[in-house]
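Each remark here refers to the structure printed beneath this line.
What's counted below: heavy atoms across the whole structure, side chains too, no hydrogens, waters or symmetry copies. Each chain gets a letter, A, B and so on, in the order the sequences are listed, and its residues count up from 1.
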Amino acid sequence: MGTTLQIQAPADFDLPRDVCSYGYFLLAPNHWDVDKQHMLRVLELEAGPSLCTIDQPSGGKVRARFDRALDRAEQTQARSQITRMLCLDTTHAEIKSFHKADPRWKKSGVGRLFRSPTLFEDVIKTVTSCNVTWPSTVNMNRRLCEVCGRKSPSGVPSFPTANKLARTRVGTLRGRCRVGYRDQRIIDLAKLFHKGHIDHDWIENIGTDDEVFKFLISLPGIGPYAAGNIMQLMGRYSRLALDTESIRHGKAVLNMTGTDNQMMKALKAHYEPFGDHKFRSYWFEIWRFYESKAGPATTWRRQATATMFTAANLSK
DNA sequence: GGTAGACCTGGACGC
DNA sequence: GCGTCCAGGTCTACC
């Protein structure tokens with residue numbers, strides 16, 4: 001008999017909307033069940049991995065059902081991981097302050113961005129999203145779980161821990177996980193996390209945005225785009241994560257013109273009025289564009305998006 | 001400080 | 001089916 005947890009959620013939290021708010025909800029080991037409108041994924045806990053089904057049956061508390069019994073310490077750990085994934089610690093008041101800065105999103109209520117249960121997983125997912133198209137990111141994450149993850153009692157693999165990736169061979173990551181030149185960088189990052197060289201409290205809560213950005217770009221495989229993205233995944237929305245997709249958005253949706261450098265400057269100026277919320281304003285514009293092309297995100301299936309979100313398709 | 005080229009995978013395309 | 005081209009962000013060497 002597995003454990004079931006009931007987790008308090010903010011009054012404005014809406015599971016399907018707030019899970020299907022950022023692309024990582026489509027990356028393994030996350031699995032969004034379109035028919036049942038619930039999330040399945042394996043969480044790495046103290047006594048080993050456990051498959052967890054997360055839903056919000058009556059629109060109130062979040063329910064998490066596990067495929068094995070969890071002791072008290074594991075329950076605390078699971079609550080903390082789920083809270084991070086779903087941004088349950090982002091209060092209604094914080095969302096309202098975002099809507100005050102950018103009222104376009106007040107009606108839909110969006111404001112929380114889905115993320116991983118750990119900062120480490122968010123960092124590795126970001127590295128796998130650099131210099132590749134979305135289908136490759138989907139495949140890399142699937143293979144990382146299949147090759148390096150541990151299986152829950154139900155036989156579903158987890159996302160590999162920092163400890164595991166720190167001990168994985170370069171050849172395994174390149175040959176079997178197909179991460180390409182990112183192999184050594186992933187191992188180096190895993191070692192930094194595993195050896196405790198990343199101060200989670202400082203990076204997530206104490207350091208200023210400028211200090212944290214400077215630190216992130218000093219890490220292997222992390223440049224300005226990746227650092228900006230990791231910052232938003234920590235709830236720091238004051239910086240943009242600009243890439244070629246931003247250029248496409250600027251041209252197609254904001255009617256901007258010019259060279260790439262001019263476009264980057266214009267994009268920064270465009271989102272400046274949103275201050276500390278600028279990443280969210282930028283992101284929900286992009287997300288709205290994707291949904292106009294592919295339907296509501298709550299209906300997206302991982303493999304379908306692997307062909308949907310190619311530059312060729314989006315520019316059509 | 002700015003720029004060019006290498007890094008690697010997988011999709012698209014032409015033959 | 002095979003070969004070629006291209007997209008994608010980071011890193012390093014060079015000016």
Tell me, which of residues 180-192 of chain A have any heavy atom that sits under 4.0 Å from an atom in DNA chain B? A/G180, A/Y181
Spacing of A/L173 atom CG relative to B/dT9 atom P, expressed in whole Å: 12 Å
What residues form a side chain to side chain donor-acceptor pair (under 3.5 Å) with A/Q184, not counting sequence neighbours? A/D188
May I ask you to verify if any side-chain N or O of A/S136 is less than 4.0 angstrom from the OP1 or OP2 atom of C/dG8? no
In whole Å, I'd like the distance from the CZ atom of A/R178 to the C1' atom of B/dG10. 9 Å
Residue set satisfying ring-ring contact (aromatic ring centres under 6.0 Å, His included) with A/Y282, at least two apart, ordered chain then number -> A/Y271, A/F279
Can you give me the bend angle of the helix from B/dG1-C/dC15 to B/dC15-C/dG1? Use the axis through the first five pairs and the one through the last five, nearest 10 degrees. 30°
Specify the separation, in whole Å, of atom CG of A/N261 and atom C1' of B/dG1. 13 Å
Would you mind reading off the distance between A/W134 atom CH2 and C/dA7 atom P, rounded to a whole angstrom? 21 Å
Establish, with yes or no, whether the OP1 or OP2 oxygen of C/dG8 is under 4.0 angstrom from a side-chain nitrogen or oxygen of A/T133. no
In whole angstrom, give the distance that lies between atom CG of A/N131 and atom P of C/dA7. 12 Å
Angle class for the A/H277/A/F98 ring planes (parallel below 30°, perpendicular above 60°, tilted otherwise)? tilted
Euclidean distance, atom CZ of residue A/R174 to atom P of B/dG10 [Å, nearest integer]: 12 Å
Whole-Å distance between C/dG9 P and A/N229 CG? 11 Å
Expected list for residues 213-224 of chain A near DNA chain C, using heavy atoms below 4.0 Å, is A/L219, A/P220, A/G221, A/I222, A/G223, A/P224
Taking only Lys NZ, Arg NE, NH1 and NH2, and the carboxylate oxygens of Asp or Glu, determine whether A/D183 and A/R178 approach each other closer than 4.0 Å. no
Qualifying side chain to side chain donor-acceptor pair (under 3.5 Å) pairs, either residue in residues 2-15 of chain A, two or more places apart: A/D12-A/R112
Got a list of side-chain donor-acceptor pairs under 3.5 Å for residues 226-234 of chain A, not counting sequence neighbours?
{"from": "A/N229", "atom 1": "OD1", "to": "A/Y22", "atom 2": "OH", "distance (Å)": "2.6"}
{"from": "A/N229", "atom 1": "OD1", "to": "A/Q232", "atom 2": "NE2", "distance (Å)": "3.2"}
{"from": "A/N229", "atom 1": "ND2", "to": "A/Y22", "atom 2": "OH", "distance (Å)": "3.3"}
{"from": "A/N229", "atom 1": "ND2", "to": "A/Y24", "atom 2": "OH", "distance (Å)": "3.1"}
{"from": "A/N229", "atom 1": "ND2", "to": "A/T126", "atom 2": "OG1", "distance (Å)": "3.3"}

Return the value, rounded to whole Å, for the distance between atom CG of A/D260 and atom P of B/dA4. 13 Å
For A/D89, all residues meeting salt bridge (charged side-chain N to carboxylate O under 4.0 Å, His left out), sequence neighbours excluded: A/R115
Only counting residues at least two apart or in another chain, list the ones meeting salt bridge (charged side-chain N to carboxylate O under 4.0 Å, His left out) with A/D102. A/R104
What pairs with A/F213 under ring-ring contact (aromatic ring centres under 6.0 Å, His included), at least two apart in sequence or on another chain? none
Listed partners of A/N131 passing side chain to side chain contact (heavy atoms under 4.5 Å, CB included), at least two apart: A/Y181, A/R182
Keeping to residues at least two apart or across chains, list the side chain to side chain donor-acceptor pair (under 3.5 Å) pairs with something in residues 78-88 of chain A. A/R84-A/D122, A/R84-A/E204
